[in-house]
Amino acid sequence: MGRMDTNVSAQVAGALRMRRLLTDRAPRVVLYSHDTLGFGHLRRNMLLASALKECGQNPDILLIAGMHEAGAFAMPDGVDCVSLPAYAKAVDGTYRSRELSIGV
């Protein structure tokens with residue numbers, strides 16, 4: 001085999017290893033809710049996360065929420081939560097940062 005054949009073989013072997021790694025692990029799911037007007041989006045995504053956990057493939061689920069109160073809720077098993085800086089909706093319908101002095 002020439003040098004080019006060896007290179008191609010190594011690349012194919014690497015691709016096959018990567019494919020095995022990707023197909024052997026549990027699916028990964030991210031659900032995002034901005035939650036500027038209450039807990040409805042968070043509640044819906046927690047229900048979706050619970051339903052996905054029951055699908056039989058045991059996915060790892062990350063819930064990303066735009067409200068710091070999200071961390072106060074008990075997450076379903078196998079679900080974790082990250083809170084982003086929160087937005088607030090002004091009377092005129094525009095959004096602003098709820099607590100930070102930065103723009104949207």
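Counting begins at 1 with the first residue of the sequence. Not measured: the values here are computed from a predicted model. Reckoned from all heavy atoms, side chains included, excluding hydrogens, waters and symmetry mates.
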Task: Interatomic spacing from CG in Leu84 to CD1 in Ile64 - rounded to 0.5 Å - done: 6.0 Å
Open item on the list: Working to the nearest 0.5 angstrom, can you tell me the gap between Arg96 CZ and Lys89 NZ?
Closed with: 13.0 Å
Task: Minimum-distance pair of heavy atoms, taken over all atoms of Pro85 and Leu100 - done: CB-CD1, 3.8 Å
Task: Spacing of Cys81 atom SG and Ile61 atom CD1 [to the nearest 0.5 Å] - done: 12.5 Å
Solution key, residues 45-57 side-chain donor-acceptor pairs under 3.5 Å, sequence neighbours excluded:
unit_1, atom_1, unit_2, atom_2, d
Asn45, ND2, Tyr32, O, 3.1
Ser50, OG, Met46, O, 3.2
Lys53, NZ, Asn58, OD1, 3.1
Lys53, NZ, Pro59, O, 2.6

Task: Validation row: Tyr87, Met67 side chains within 4.5 angstrom (heavy atoms) - done: no
Open item on the list: Do the side chains of Arg43 and Glu69 get close enough for a salt bridge, i.e. N-O under 4.0 angstrom?
Closed with: no
TODO: Determine whether Leu62 and Val82 make a side-chain contact, defined as any pair of heavy atoms from C-beta on separated by less than 4.5 Å.
DONE: yes
Open item on the list: Taking the side chain as everything from C-beta on, heavy atoms only, tell me whether Met75 gets closer than 4.5 Å to Asp80.
Closed with: no
